[in-house]
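Encoded as C-alpha coordinates, the structure appears first; notes follow it.
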Amino acid sequence: MVSNLSSALITGITGQDGSYMAELLLSKGYRVIGTTRDSKNIKDRLPDCLLNNVELVTWKMLEKDDFLEILVNYKPTEIYNFAAYSSGTGMYDDPVSVSEVNGMAVTRILEAIREVDCSIRFCQASSREIFGEAIESPQNETTRTNPRSPYGAAKLYADSMIQIYRQRYGVFACSAILYNHESPRRGLNFVTRKITQEAAKIKLGLANKLHLGNIDAQRDWGYAGDYISAMWLMLQQEQAEDYVIATGKVHSVRQLCEFAFERLGLDYHDYVLEDSSEFRPAEPVLLTGCADKARCQLGWNPSIGFKELVYMMVDADLRILTNTD
Ligand code: GDP
(Lines give C-alpha, C1' and ligand atoms only; values in the text may rest on other atoms or scores of the structure.)
Protein backbone atom coordinates (compact mmCIF):
# COMPACT_ATOMS: atom_id res chain seq x y z
CA MET A 1 0.00 0.00 0.00
CA VAL A 2 1.31 3.42 -0.91
CA SER A 3 1.46 5.92 1.95
CA ASN A 4 -0.30 9.21 1.39
CA LEU A 5 3.09 10.88 1.56
CA SER A 6 4.28 9.08 -1.58
CA SER A 7 5.10 11.32 -4.47
CA ALA A 8 6.97 10.46 -7.61
CA LEU A 9 8.92 12.49 -10.10
CA ILE A 10 8.94 11.27 -13.70
CA THR A 11 11.38 12.74 -16.18
CA GLY A 12 10.13 12.65 -19.76
CA ILE A 13 6.49 12.46 -18.72
CA THR A 14 5.19 13.26 -22.20
CA GLY A 15 6.81 10.18 -23.77
CA GLN A 16 5.27 6.72 -24.06
CA ASP A 17 6.88 5.35 -20.92
CA GLY A 18 6.52 8.49 -18.81
CA SER A 19 2.81 8.72 -19.52
CA TYR A 20 2.17 5.05 -18.70
CA MET A 21 4.16 5.41 -15.50
CA ALA A 22 2.17 8.51 -14.54
CA GLU A 23 -1.10 6.63 -15.04
CA LEU A 24 0.10 3.68 -12.98
CA LEU A 25 1.30 5.88 -10.12
CA LEU A 26 -1.87 7.99 -10.07
CA SER A 27 -3.92 4.79 -9.88
CA LYS A 28 -1.87 3.82 -6.83
CA GLY A 29 -2.51 7.14 -5.11
CA TYR A 30 0.82 8.89 -5.69
CA ARG A 31 1.20 12.58 -6.18
CA VAL A 32 2.87 12.76 -9.62
CA ILE A 33 5.26 15.44 -10.79
CA GLY A 34 6.57 15.30 -14.34
CA THR A 35 9.47 17.02 -16.00
CA THR A 36 9.41 18.04 -19.61
CA ARG A 37 11.99 19.80 -21.80
CA ASP A 38 9.47 22.29 -22.96
CA SER A 39 6.03 23.05 -21.59
CA LYS A 40 4.82 24.58 -24.88
CA ASN A 41 1.85 22.77 -26.47
CA ILE A 42 1.76 20.42 -23.53
CA LYS A 43 -1.93 19.72 -24.19
CA ASP A 44 -1.01 18.03 -27.47
CA ARG A 45 1.71 15.93 -25.91
CA LEU A 46 0.04 14.58 -22.76
CA PRO A 47 -2.94 12.21 -22.70
CA ASP A 48 -6.15 13.90 -21.47
CA CYS A 49 -6.33 11.62 -18.45
CA LEU A 50 -3.07 13.11 -17.17
CA LEU A 51 -3.45 16.78 -18.02
CA ASN A 52 -5.23 17.85 -14.85
CA ASN A 53 -3.77 15.23 -12.58
CA VAL A 54 -0.02 15.72 -12.76
CA GLU A 55 2.15 18.69 -11.86
CA LEU A 56 4.58 19.77 -14.56
CA VAL A 57 7.97 21.36 -14.28
CA THR A 58 10.51 22.21 -16.97
CA TRP A 59 13.95 20.60 -16.81
CA LYS A 60 16.23 20.14 -19.79
CA MET A 61 18.44 17.57 -17.98
CA LEU A 62 21.47 19.86 -18.20
CA GLU A 63 21.60 21.85 -14.94
CA LYS A 64 22.12 20.04 -11.68
CA ASP A 65 21.14 23.06 -9.58
CA ASP A 66 17.76 23.27 -11.28
CA PHE A 67 17.18 19.64 -10.45
CA LEU A 68 18.26 20.20 -6.83
CA GLU A 69 15.62 22.90 -6.60
CA ILE A 70 12.98 20.58 -8.04
CA LEU A 71 13.81 17.96 -5.39
CA VAL A 72 13.72 20.54 -2.60
CA ASN A 73 10.41 21.98 -3.80
CA TYR A 74 8.50 18.79 -4.63
CA LYS A 75 10.12 16.29 -2.22
CA PRO A 76 9.55 13.15 -4.32
CA THR A 77 10.02 9.77 -2.65
CA GLU A 78 10.63 8.03 -5.98
CA ILE A 79 12.17 9.16 -9.29
CA TYR A 80 11.74 7.41 -12.65
CA ASN A 81 14.02 8.58 -15.45
CA PHE A 82 12.69 8.27 -18.99
CA ALA A 83 13.90 11.49 -20.56
CA ALA A 84 16.38 10.53 -23.26
CA TYR A 85 17.19 10.55 -26.93
CA SER A 86 15.57 7.44 -28.32
CA SER A 87 17.03 4.37 -29.98
CA GLY A 88 16.53 3.33 -33.61
CA THR A 89 18.27 5.16 -36.43
CA GLY A 90 18.96 8.14 -34.12
CA MET A 91 21.39 6.09 -32.00
CA TYR A 92 24.35 7.44 -33.94
CA ASP A 93 23.21 11.06 -34.31
CA ASP A 94 24.57 13.92 -32.21
CA PRO A 95 26.73 11.82 -29.86
CA VAL A 96 27.59 14.81 -27.66
CA SER A 97 23.95 15.57 -26.85
CA VAL A 98 23.17 11.87 -26.44
CA SER A 99 26.04 11.53 -23.95
CA GLU A 100 24.83 14.58 -22.04
CA VAL A 101 21.18 13.61 -21.78
CA ASN A 102 21.24 9.80 -21.78
CA GLY A 103 24.40 9.55 -19.71
CA MET A 104 25.58 12.56 -17.75
CA ALA A 105 22.09 13.67 -16.71
CA VAL A 106 21.82 10.50 -14.63
CA THR A 107 24.86 11.60 -12.63
CA ARG A 108 23.18 14.97 -12.09
CA ILE A 109 20.13 13.18 -10.74
CA LEU A 110 22.21 10.91 -8.49
CA GLU A 111 24.24 13.81 -7.15
CA ALA A 112 21.09 15.77 -6.42
CA ILE A 113 19.60 12.78 -4.59
CA ARG A 114 22.78 12.46 -2.53
CA GLU A 115 22.74 16.15 -1.63
CA VAL A 116 19.03 16.58 -0.93
CA ASP A 117 17.77 13.28 0.47
CA CYS A 118 19.58 9.96 0.21
CA SER A 119 16.36 8.06 0.88
CA ILE A 120 14.82 8.99 -2.49
CA ARG A 121 14.53 5.85 -4.62
CA PHE A 122 15.62 6.03 -8.25
CA CYS A 123 14.83 3.85 -11.26
CA GLN A 124 16.60 4.35 -14.58
CA ALA A 125 15.24 3.25 -17.94
CA SER A 126 18.30 1.49 -19.31
CA SER A 127 18.37 -0.31 -22.63
CA ARG A 128 19.24 -3.57 -24.39
CA GLU A 129 21.66 -1.38 -26.36
CA ILE A 130 24.18 -1.72 -23.51
CA PHE A 131 24.74 -5.25 -24.87
CA GLY A 132 25.11 -3.96 -28.44
CA GLU A 133 27.21 -6.54 -30.26
CA ALA A 134 26.16 -9.07 -27.64
CA ILE A 135 28.43 -11.98 -26.94
CA GLU A 136 25.57 -14.33 -26.01
CA SER A 137 21.86 -14.67 -26.55
CA PRO A 138 19.59 -14.30 -24.70
CA GLN A 139 21.21 -11.63 -22.53
CA ASN A 140 20.75 -11.40 -18.80
CA GLU A 141 22.06 -9.20 -15.96
CA THR A 142 25.46 -10.91 -16.03
CA THR A 143 26.04 -10.72 -19.80
CA ARG A 144 29.14 -8.71 -20.69
CA THR A 145 28.18 -5.29 -21.97
CA ASN A 146 29.45 -4.24 -25.39
CA PRO A 147 27.66 -1.15 -26.73
CA ARG A 148 27.77 -0.47 -30.47
CA SER A 149 26.38 3.08 -30.50
CA PRO A 150 26.76 6.39 -28.64
CA TYR A 151 23.25 5.71 -27.38
CA GLY A 152 24.29 2.36 -25.87
CA ALA A 153 27.52 3.78 -24.47
CA ALA A 154 25.67 6.62 -22.74
CA LYS A 155 23.12 4.22 -21.24
CA LEU A 156 25.96 2.01 -20.02
CA TYR A 157 27.73 4.97 -18.40
CA ALA A 158 24.47 5.77 -16.58
CA ASP A 159 24.18 2.17 -15.37
CA SER A 160 27.76 2.27 -14.08
CA MET A 161 27.10 5.47 -12.12
CA ILE A 162 23.99 3.91 -10.64
CA GLN A 163 26.04 0.96 -9.39
CA ILE A 164 28.64 3.30 -7.97
CA TYR A 165 26.11 5.43 -6.08
CA ARG A 166 24.43 2.30 -4.80
CA GLN A 167 27.67 0.79 -3.51
CA ARG A 168 29.49 3.86 -2.30
CA TYR A 169 26.66 6.05 -1.01
CA GLY A 170 23.90 3.51 -0.35
CA VAL A 171 21.48 5.27 -2.69
CA PHE A 172 18.51 3.05 -3.62
CA ALA A 173 19.15 3.29 -7.35
CA CYS A 174 18.60 0.67 -10.02
CA SER A 175 18.51 0.14 -13.76
CA ALA A 176 15.77 -1.60 -15.71
CA ILE A 177 17.45 -2.99 -18.82
CA LEU A 178 14.51 -2.64 -21.16
CA TYR A 179 14.04 -4.42 -24.46
CA ASN A 180 11.75 -2.98 -27.16
CA HIS A 181 8.43 -2.04 -25.62
CA GLU A 182 5.55 -0.73 -27.65
CA SER A 183 2.00 0.58 -27.33
CA PRO A 184 -0.53 2.80 -29.10
CA ARG A 185 1.55 5.70 -27.74
CA ARG A 186 4.74 4.61 -29.50
CA GLY A 187 6.34 7.21 -31.76
CA LEU A 188 5.76 6.86 -35.50
CA ASN A 189 9.50 6.52 -36.13
CA PHE A 190 9.42 3.01 -34.61
CA VAL A 191 8.50 0.16 -36.90
CA THR A 192 5.62 -1.21 -34.82
CA ARG A 193 3.63 2.02 -34.85
CA LYS A 194 4.61 2.82 -38.43
CA ILE A 195 3.07 -0.49 -39.49
CA THR A 196 -0.07 -0.30 -37.36
CA GLN A 197 -0.81 3.27 -38.40
CA GLU A 198 -0.16 2.68 -42.10
CA ALA A 199 -2.19 -0.54 -42.10
CA ALA A 200 -5.12 1.34 -40.55
CA LYS A 201 -4.74 4.08 -43.17
CA ILE A 202 -4.77 1.48 -45.96
CA LYS A 203 -7.93 -0.06 -44.51
CA LEU A 204 -9.60 3.36 -44.53
CA GLY A 205 -8.47 4.13 -48.07
CA LEU A 206 -6.06 6.84 -46.89
CA ALA A 207 -2.92 5.07 -48.17
CA ASN A 208 -2.05 2.39 -50.73
CA LYS A 209 1.34 0.92 -49.89
CA LEU A 210 3.64 0.51 -46.91
CA HIS A 211 7.38 0.99 -47.53
CA LEU A 212 9.59 -0.75 -45.00
CA GLY A 213 13.24 -1.64 -44.55
CA ASN A 214 14.35 -5.18 -43.78
CA ILE A 215 11.20 -7.13 -42.92
CA ASP A 216 13.18 -10.12 -41.71
CA ALA A 217 14.71 -8.05 -38.90
CA GLN A 218 13.76 -9.45 -35.52
CA ARG A 219 13.17 -7.94 -32.12
CA ASP A 220 12.06 -8.91 -28.63
CA TRP A 221 8.89 -6.79 -28.46
CA GLY A 222 6.75 -6.38 -25.33
CA TYR A 223 3.97 -4.10 -24.12
CA ALA A 224 5.13 -0.82 -22.57
CA GLY A 225 2.54 -0.96 -19.78
CA ASP A 226 4.06 -4.25 -18.56
CA TYR A 227 7.59 -2.82 -18.53
CA ILE A 228 6.45 0.15 -16.49
CA SER A 229 4.92 -2.18 -13.89
CA ALA A 230 8.27 -3.95 -13.58
CA MET A 231 10.01 -0.65 -12.88
CA TRP A 232 7.53 0.25 -10.17
CA LEU A 233 8.04 -3.18 -8.57
CA MET A 234 11.81 -2.63 -8.63
CA LEU A 235 11.45 0.39 -6.36
CA GLN A 236 9.22 -1.50 -3.89
CA GLN A 237 11.88 -4.15 -3.09
CA GLU A 238 14.03 -4.31 0.03
CA GLN A 239 17.18 -4.01 -2.03
CA ALA A 240 18.05 -2.01 -5.10
CA GLU A 241 19.10 -4.27 -7.99
CA ASP A 242 19.23 -4.14 -11.78
CA TYR A 243 16.89 -6.27 -13.87
CA VAL A 244 16.51 -7.29 -17.51
CA ILE A 245 12.92 -6.67 -18.62
CA ALA A 246 12.04 -8.55 -21.80
CA THR A 247 9.66 -11.17 -23.17
CA GLY A 248 12.41 -13.60 -24.19
CA LYS A 249 10.57 -14.16 -27.49
CA VAL A 250 11.60 -12.73 -30.84
CA HIS A 251 9.38 -11.92 -33.78
CA SER A 252 10.13 -10.52 -37.22
CA VAL A 253 8.87 -7.34 -38.83
CA ARG A 254 7.19 -9.71 -41.32
CA GLN A 255 5.13 -11.30 -38.51
CA LEU A 256 4.23 -7.86 -37.30
CA CYS A 257 2.88 -7.02 -40.77
CA GLU A 258 1.04 -10.31 -40.94
CA PHE A 259 -0.82 -9.74 -37.67
CA ALA A 260 -1.49 -6.04 -38.29
CA PHE A 261 -3.07 -6.60 -41.71
CA GLU A 262 -4.82 -9.77 -40.58
CA ARG A 263 -6.57 -7.75 -37.86
CA LEU A 264 -8.03 -5.58 -40.62
CA GLY A 265 -9.03 -8.48 -42.84
CA LEU A 266 -6.18 -7.73 -45.28
CA ASP A 267 -3.17 -9.65 -46.60
CA TYR A 268 0.12 -7.84 -46.06
CA HIS A 269 1.58 -9.29 -49.28
CA ASP A 270 -0.70 -6.95 -51.21
CA TYR A 271 0.60 -3.78 -49.58
CA VAL A 272 4.09 -4.11 -48.07
CA LEU A 273 7.14 -3.18 -50.13
CA GLU A 274 10.72 -3.63 -49.00
CA ASP A 275 12.61 -0.45 -49.78
CA SER A 276 16.40 -0.64 -49.78
CA SER A 277 16.66 3.03 -48.78
CA GLU A 278 15.01 2.08 -45.45
CA PHE A 279 17.51 -0.73 -44.76
CA ARG A 280 19.89 -0.25 -41.87
CA PRO A 281 23.52 -1.33 -41.95
CA ALA A 282 23.87 -5.02 -41.05
CA GLU A 283 22.18 -5.93 -37.81
CA PRO A 284 23.80 -9.27 -37.08
CA VAL A 285 23.08 -9.41 -33.38
CA LEU A 286 20.05 -11.10 -31.93
CA LEU A 287 19.02 -8.99 -28.99
CA THR A 288 16.62 -10.88 -26.78
CA GLY A 289 16.47 -10.72 -23.03
CA CYS A 290 16.11 -13.32 -20.31
CA ALA A 291 13.87 -11.86 -17.59
CA ASP A 292 14.09 -14.84 -15.22
CA LYS A 293 15.44 -12.66 -12.41
CA ALA A 294 12.48 -10.27 -12.69
CA ARG A 295 10.07 -13.21 -12.79
CA CYS A 296 11.58 -14.83 -9.69
CA GLN A 297 12.36 -11.80 -7.55
CA LEU A 298 9.68 -9.33 -8.60
CA GLY A 299 6.96 -11.84 -9.51
CA TRP A 300 6.78 -9.99 -12.83
CA ASN A 301 5.27 -11.47 -15.96
CA PRO A 302 4.29 -9.80 -19.21
CA SER A 303 0.48 -9.71 -19.38
CA ILE A 304 0.16 -9.12 -23.12
CA GLY A 305 1.57 -11.30 -25.89
CA PHE A 306 2.89 -10.16 -29.26
CA LYS A 307 -0.23 -10.75 -31.34
CA GLU A 308 -2.46 -9.10 -28.74
CA LEU A 309 -0.10 -6.12 -28.69
CA VAL A 310 -0.23 -5.72 -32.47
CA TYR A 311 -4.04 -6.00 -32.43
CA MET A 312 -4.25 -3.43 -29.63
CA MET A 313 -2.13 -0.98 -31.61
CA VAL A 314 -4.06 -1.49 -34.86
CA ASP A 315 -7.39 -1.00 -33.06
CA ALA A 316 -6.11 2.19 -31.43
CA ASP A 317 -4.84 3.57 -34.74
CA LEU A 318 -8.20 2.89 -36.38
CA ARG A 319 -9.92 4.78 -33.56
CA ILE A 320 -7.49 7.70 -33.85
CA LEU A 321 -7.91 7.95 -37.62
CA THR A 322 -11.69 7.80 -37.44
CA ASN A 323 -11.79 10.21 -34.47
CA THR A 324 -13.57 7.69 -32.29
CA ASP A 325 -10.90 7.65 -29.60
P1 GDP B 1 14.92 -0.26 -32.57
O2 GDP B 1 14.93 -1.68 -32.11
O3 GDP B 1 15.15 0.70 -31.47
O4 GDP B 1 15.86 -0.07 -33.72
O5 GDP B 1 13.40 -0.01 -33.07
P6 GDP B 1 12.73 0.21 -34.50
O7 GDP B 1 11.27 0.00 -34.30
O8 GDP B 1 13.13 1.51 -35.10
O9 GDP B 1 13.34 -0.94 -35.45
C10 GDP B 1 13.07 -2.30 -35.22
C11 GDP B 1 13.58 -3.12 -36.38
O12 GDP B 1 12.73 -2.93 -37.50
C13 GDP B 1 14.98 -2.77 -36.88
O14 GDP B 1 15.68 -3.97 -37.08
C15 GDP B 1 14.75 -2.07 -38.21
O16 GDP B 1 15.83 -2.25 -39.12
C17 GDP B 1 13.51 -2.80 -38.69
N18 GDP B 1 12.75 -2.05 -39.70
C19 GDP B 1 12.37 -2.52 -40.91
N20 GDP B 1 11.70 -1.58 -41.59
C21 GDP B 1 11.66 -0.48 -40.80
C22 GDP B 1 11.09 0.82 -40.98
O23 GDP B 1 10.51 1.16 -42.01
N24 GDP B 1 11.24 1.70 -39.92
C25 GDP B 1 11.89 1.34 -38.75
N26 GDP B 1 11.98 2.22 -37.75
N27 GDP B 1 12.45 0.12 -38.59
C28 GDP B 1 12.32 -0.78 -39.59
Side-chain angles (χ1 to χ4, degrees), residues 12 15-17 82-95 98 101-102 125-134 137-139 145-156 176-202 207-224 226-227 244-261 268-269 271-289 306 309-310 312-314 316-317:
Q16 168 187 262
D17 295 354
F82 297 110
Y85 285 89
S86 67
S87 61
T89 44
M91 290 194 305
Y92 297 85
D93 298 343
D94 199 352
V98 167
V101 173
N102 294 17
S126 180
S127 163
R128 52 127 225 254
E129 276 301 313
I130 63 168
F131 298 121
E133 297 290 335
S137 188
Q139 300 85 43
T145 53
N146 192 22
R148 60 181 166 178
S149 63
Y151 174 94
K155 288 280 184 182
L156 179 58
I177 305 165
L178 305 173
Y179 282 63
N180 291 49
H181 48 289
E182 319 293 313
S183 76
R185 296 184 193 160
R186 194 55 147 155
L188 293 166
N189 51 327
F190 288 90
V191 76
T192 47
R193 186 75 199 293
K194 177 176 171 180
I195 292 171
T196 60
Q197 194 199 55
E198 287 302 310
K201 279 189 187 168
I202 289 172
N208 302 314
K209 293 286 176 201
L210 168 55
H211 293 260
L212 294 173
N214 178 10
I215 65 171
D216 292 312
Q218 295 184 316
R219 287 287 187 273
D220 180 337
W221 278 295
Y223 169 53
D226 285 334
Y227 289 41
V244 163
I245 308 297
T247 71
K249 299 190 180 92
V250 289
H251 296 273
S252 63
V253 174
R254 185 186 297 279
Q255 280 172 303
L256 228 166
C257 292
E258 202 178 304
F259 291 146
F261 283 85
Y268 84 94
H269 292 100
Y271 305 99
V272 171
L273 298 173
E274 267 190 312
D275 185 338
S276 55
S277 67
E278 301 270 356
F279 269 63
R280 296 201 190 153
E283 294 181 286
V285 193
L286 190 54
L287 286 169
T288 175
F306 180 68
L309 171 64
V310 177
M312 174 209 284
M313 292 176 68
V314 170
D317 274 316

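One-based numbering, in listed order, for ligands and for the atoms of each.
Contacts of L212 with ligand 1, taken as heavy-atom pairs under 4.0 Å, involve both backbone and side chain. Counting heavy atoms under 4.0 Å from ligand 1, residue R219 touches it through the side chain alone. Contacts with ligand 1 closer than 4.0 Å are made by no heavy atom of Q218, backbone or side chain.
Taking any N or O of V191, backbone or side chain, at least one lies under 3.5 Å from an N or O belonging to ligand 1. Residue N180 has at least one N or O atom closer than 3.5 Å to an N or O atom of ligand 1. Remark: ligand 1 and A217 share no N or O pair separated by less than 3.5 Å (distance only, no angle test). Considering backbone and side-chain atoms together, N189 places an N or O closer than 3.5 Å to an N or O of ligand 1.
Summarising the geometry of Q16 relative to S183, their closest heavy-atom pair is OE1-OG, 2.8 Å, with the distance given to 0.1 Å.
Under the 3.5 Å distance criterion, with hydrogens and angles disregarded, no donor-acceptor pair is assigned to the side chains of E198 and Y271. Donor-acceptor pairing under 3.5 Å is recorded for the side chains of T247 and D220. The closest side-chain donor-acceptor pair between H181 and D17 falls under 3.5 angstrom. Looking at Y268 and R254, their side chains do bring a donor and an acceptor atom within 3.5 Å of each other.
A heavy-atom distance below 4.5 Å is not found between the side chains of R128 and V244.
Ligand 1 has R128 within reach: a non-hydrogen atom of the residue lies less than 4.0 Å from it.
A salt bridge does not link K201 to D317: none of the charged side-chain nitrogens sits closer than 4.0 Å to a carboxylate oxygen.
Residue F190 holds the heavy atom nearest to atom 5 (O) of ligand 1 of all those in Y179, W221, Y151, F190.
With ligand atoms numbered from 1 in the order given, ligand 1 contributes 22 (C), 23 (O) to contacts under 4.0 Å with heavy atoms of K194.
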